[in-house]
Amino acid sequence: KKNHIFKRPNKNIRVNVEEKILPSNSSNLLGPQVPKYIVIYEVSLGTGKSPSEFNMEHYYKKIYDAGQSGSTIGYHYLVGDNSIYHFIPDNIATGHTGTDFGNHKSIGVERLICKGINYEYAIHNQAKLIATLMLKHNIPLSNVITHKEMQLRYGSEERRNNPKQCPGRLIAGFRGTLNDFRTEIKR
C-alpha cells in the first residue's frame with residue numbers, strides 16, 4: 001500500500017457542502033461562463049498568522065459584503081477541513097484570477113488556512129472537490145492550475161511580471177508540492 005503525503009479524514013466524517021449562493025444583484029457575479037479551467041487558491045495571512053476567527057463564516061461575510069459594495073472580486077468555493085461553502089454557481093463568472101480570460105473561463109476553489117483548521121483534511125477536501133468538478137464539467141487535470149499559473153499564462157504584462165504566489169504553501173512545497181496535490185486529485 002502506497003503512503004500518501006496528505007492524510008484523509010476518517011471515512012465516518014462527512015464533509016458538509018453548504019449552498020451559500022450570493023444574491024443575484026451581487027456585483028461579483030459577472031455573467032454566464034462555460035468553465036474550462038479550475039484555479040487552485042488558498043486564503044491565508046501566512047503560516048501561523050491567520051487567526052481562528054478568520055473562519056468559513058468570516059470569508060462568507062467578506063465575499064457577500066464585496067458583492068454588495070460594488071466589488072467584482074469573488075470565488076466559487078471555499079473549502080475547510082469539515083465543510084465546503086459554495087458561493088457562486090459554476091456557470092457564472094467572477095473576478096477571482098486577476099485576468100479577464102481566467103475570470104470568464106474558470107472555477108475558483110479556495111482552501112481555508114487559519115488556526116484550528118486541519119490542513120491535511122482541508123487539502124484533501126479541496127482535491128476531492130476539484131476531482132468532482134473535473135468530472136462534472138469535463139475539465140482535464142492539465143487545466144487545473146494555480147492562481148499564479150493563471151496570471152503567468154493569461155495576465156497582463158504587469159501580472160505576468162509580478163504574479164501572486166498563490167497557493168503559497170503548495171508553490172513553496174510546504175507539507176506537499178503541487179505535484180503531490182495533483183496526485184491527491186487523481187486519488
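This structure is a prediction, so every number in the text was calculated from the model and none was measured.
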Using the ring of each side chain (for Trp, its six-membered ring), is His58 parallel, tilted or perpendicular to Phe54, with breaks at 30° and 60°?
parallel
If you count the non-hydrogen atoms of other residues, nucleotides and ligands that lie under 6.0 Å from CG in Asn161, is the total more than 12?
yes
Starting at CD of Glu42, measure out to SG of Cys114 and round the result to the nearest 0.5 Å.
12.0 Å
Pairwise side-chain contact, Ile123 with Glu184, heavy-atom cut-off 4.5 Å (strictly under):
no
Glu18 side chain vs Ser83 backbone, donor-acceptor pair below 3.5 Å
no
Is Tyr64 linked to Ile92 within one hydrophobic cluster, defined over Ile, Leu, Val, Met, Phe, Trp and Tyr using a side-chain heavy-atom separation of less than 4.5 Å?
yes
Quick check: is Tyr77 connected to Ile185 through a chain of hydrophobic side chains (ILVMFWY, heavy atoms under 4.5 Å apart)?
yes
Short side-chain donor-acceptor distance under 3.5 Å, Lys105 and Gln33:
no
For the residue pair Val144 and Met134, what are the closest heavy atoms and their distance?
CG2-SD, 3.7 Å
Decide yes or no on side-chain contact (heavy atoms from CB on, under 4.5 Å) for Arg153 and Tyr37, but give the supporting numbers first.
CA-CA 12 Å; Arg153 288 186 192 180; Tyr37 287 84; 3.6 Å; yes
Any heavy-atom pair between the side chains of Leu178 and Ile40 that's under 4.5 Å?
yes
Count the heavy atoms of every other residue, nucleotide or ligand shown that sit under 6.0 Å from CD of Glu157, and state whether that count exceeds 12.
no
Euclidean distance, Leu152 CG relative to Asn162 CG, rounded to 0.5 Å
10.0 Å
Lys61 meets the salt bridge (charged side-chain N to carboxylate O under 4.0 Å, His left out) criterion, sequence neighbours left out, with Asp65
Kindly indicate whether the side chain of Pro23, heavy atoms from C-beta on, has any atom under 4.5 Å from the side chain of Gln68.
yes
Parallel, tilted or perpendicular, judged at 30° and 60°: which one describes the rings of Tyr41 and His147?
tilted
Backbone of Arg159 reached by a side-chain donor or acceptor of Gln151 within 3.5 Å
no
What one should report as the nearest heavy-atom pair of Ile145 and Ser142 is CG2-O, 3.9 Å
Counting only N and O atoms by type, is there a donor-acceptor contact under 3.5 Å from the side chain of Ser27 to the main-chain atoms of Gly67?
yes
Would you mind reporting whether Leu170 and Arg111 have side-chain heavy atoms less than 4.5 Å apart?
yes
I need the Asn143 CG to Ile107 CD1 distance, nearest 0.5 Å.
11.5 Å
Do Gln165 side-chain atoms and Ile171 backbone N/O form a donor-acceptor pair below 3.5 Å?
no
Applying the 4.5 Å side-chain criterion to the ILVMFWY set and letting contacts propagate, would Leu129 and Val39 be lumped into a single cluster?
no
Please determine, by modelled atom types, if Asp180 and Thr177 share a side-chain donor-acceptor pair under 3.5 angstrom.
yes
Side chain to side chain, His76 and His96, heavy atoms closer than 4.5 Å:
yes
Looking at every heavy atom in both His104 and Ala93, which two are closest together, and how far apart are they?
CD2-CB, 3.6 Å
Between Tyr59 and Tyr75, is any side-chain donor less than 3.5 angstrom from a side-chain acceptor?
no
Which value, rounded to the nearest 0.5 Å, describes the distance between Ile113 atom CD1 and Phe174 atom CZ?
8.5 Å
Taking only residues two or more places apart in sequence or in another chain, which ones pass salt bridge (charged side-chain N to carboxylate O under 4.0 Å, His left out) with Arg160?
none
Can a donor-acceptor pair be found, under 3.5 Å and without considering hydrogens, that links the side chain of His86 to the backbone of Glu19?
no
Does Met150 reach the side chain of Phe101, with side-chain heavy atoms less than 4.5 Å apart?
yes
Do Phe181 and Leu133 belong to the same hydrophobic cluster, where Ile, Leu, Val, Met, Phe, Trp and Tyr are linked whenever their side-chain heavy atoms lie under 4.5 Å apart, directly or via other members?
yes
Side chains of Thr99 and Thr97, donor plus acceptor under 3.5 Å
yes
Indicate yes or no for a side-chain donor-acceptor contact from Ser26 to the backbone of Leu29 under 3.5 Å, with no hydrogens or angles considered.
no
Output yes when a side-chain donor or acceptor of Ser69 lies under 3.5 Å from a complementary backbone atom of Ala66, and no otherwise.
yes
Assigning hydrophobic clusters by single linkage (Ile, Leu, Val, Met, Phe, Trp, Tyr; side-chain heavy-atom cutoff under 4.5 Å), is Tyr85 placed with Ile21?
no
Taken in chain and number order and not counting sequence neighbours, the residues that satisfy salt bridge (charged side-chain N to carboxylate O under 4.0 Å, His left out) with Glu57 are Lys20
Heavy-atom pair of closest approach, residues Lys186 and Leu141:
CE-CD2, 3.4 Å
Please check if the number of heavy atoms outside Tyr60 that lie under 6.0 Å from its OH is greater than 12.
yes
Nearest-0.5 Å distance, CG of residue Leu112 to CG of residue Leu78
5.5 Å
Can you tell me how far apart CD1 (Ile88) and CG (Asn28) are? Round to the nearest 0.5 Å.
5.0 Å
Sidechain-backbone polar pair: Asn125 side chain, Tyr121 backbone, donor-acceptor under 3.5 Å:
yes
Is it the case that atom CD1 in Ile139 sees more than 12 heavy atoms from other parts of the structure closer than 6.0 Å?
yes
